[in-house]
Amino acid sequence: MTKTLLVASAGGHLDELMIHIRRLGIDERQAVWVTSPTAQTESLLDGRDVIWAPRVGSGEVGKAVRGVPAALDIHRRVRPDLVVSTGALFSTPHLLAAALMGCETWFIDSATRVAGPSSTGRFARRFTRARLFAQGEGWGIRPGSGCRACSTPSNRQRHRRTERRCWIA
């Protein structure tokens, strides 16, 4: 079984991640969520395994950088096989920790990013080994072979791969 760390900031990023884990066949019984505590997250994740982390707002790069040691501690404690994130800046310490720990990572950019990746997507492409996914065919992302999401039988209808990019339909 794959131990998965699911990382998303509160709001729409969390909503999108909840949709994608079902579509990608991720077993929530083997998953640990990382997000910040809000009324939304506490309600949606009630009864799930959650690690609460301080909120990192848009543009709070210094706060994200200061979150790297805590992210590394979480990764050492949980020891995930896979990290899946939909962003935003909140997720960058965890994307970096996953890269440093040699953990497989999937970054699914927001559905609103039709012309190109978000700043978190660009960070993931440049500084981590994350496999980048777009929601739709709008922009090219890191090519890769043997995409685990593509090879899962239940995902073949929703997830597509070409030689140049992966996307979630």
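The residues of the chain are indexed from 1 along the displayed sequence.
- Shown here for Arg125 and Pro117, the closest heavy-atom pair between the two residues is NH2-CG, 3.6 Å.
- In this structure, Thr35 and Ala8 approach most closely via the heavy-atom pair OG1-O, 2.7 Å.
- One distance of note links CZ of Arg129 with CG of Leu95; it measures 12.5 Å at 0.5 Å rounding.
- Placement of Trp33 and Phe90 in two distinct hydrophobic clusters is found when ILVMFWY residues are connected by side-chain heavy-atom separations under 4.5 Å, directly or transitively.
- To the nearest 0.5 angstrom, Leu132 atom CG is 11.5 Å from Arg122 atom CZ.
- Considering all non-hydrogen atoms of both residues, His75 and Pro80 come closest at O-CD, 3.6 Å.
- The two residues Thr128 and Ala124 come nearest to each other via the heavy atoms OG1-O, 2.6 Å.
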>> With side-chain contact (heavy atoms from CB on, under 4.5 Å) as the criterion, how do His94 and Val34 come out once you've worked through the C-alpha distance, each side chain's angles and the decisive distance to 0.1 Å?
In response: CA-CA 9 Å; His94 299 280; Val34 179; 3.6 Å; yes

Return all side-chain donor-acceptor pairs below 3.5 angstrom for residues 51-65, not counting sequence neighbours, or 'none' if the list is empty.
unit_1 : atom_1 : unit_2 : atom_2 : d
Glu60  : OE1    : Gly57  : N      : 2.5
Lys63  : NZ     : Arg55  : O      : 2.7

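- Between Ser36 and Thr41 the shortest heavy-atom distance is O-OG1, 2.8 Å.
- Ile19 belongs to no hydrophobic cluster with other residues, because no ILVMFWY side-chain heavy atom falls under 4.5 Å from its own, directly or through intermediates.
- Not one N or O on the side chain of Thr4 forms a donor-acceptor pair closer than 3.5 Å with the backbone of Ala31.
- Side-chain atoms of Glu104 do not come within 3.5 Å of backbone N or O of Leu82 as any donor-acceptor pair.
- To the nearest 0.5 angstrom, Met18 atom CE is 9.5 Å from Leu6 atom CG.
- Phe107 and Leu5 are members of different hydrophobic clusters when ILVMFWY side chains are connected at heavy-atom separations under 4.5 Å.
- No side-chain donor from either of Thr2 and Asp81 sits under 3.5 Å from a side-chain acceptor of the other.
- Linking ILVMFWY side-chain heavy atoms closer than 4.5 Å, directly or via other members, places Leu24 and Leu14 in a single hydrophobic cluster.
- Residue pairs meeting the salt bridge (Lys or Arg N to Asp or Glu O under 4.0 Å) criterion with at least one member in residues 32-49, sequence neighbours excluded, are Glu28-Arg48.
- Linking ILVMFWY residues whenever their side-chain heavy atoms come closer than 4.5 Å, directly or via other members, places Trp106 and Leu17 in the same cluster.
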> Taking it one step at a time, do Asp73 and Arg77 satisfy side-chain contact (heavy atoms from CB on, under 4.5 Å)?
Replying inline: CA-CA 6 Å; Asp73 287 344; Arg77 199 175 33 194; 5.6 Å; no

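- In the hydrophobic clustering of this structure, Leu45 does not group with Val7; members are Ile, Leu, Val, Met, Phe, Trp, Tyr whose side-chain heavy atoms approach within less than 4.5 Å, directly or through other members.
- Here the shortest heavy-atom pairing between Cys103 and Val83 reads SG-CG2, 3.8 Å.
- Formation of a donor-acceptor pair under 3.5 Å by the Ser91 side chain with backbone atoms of Ala88 is found in this model.
- The backbone N or O of His13 lies less than 3.5 Å from a partner atom in the side chain of Thr86, making a donor-acceptor pair.
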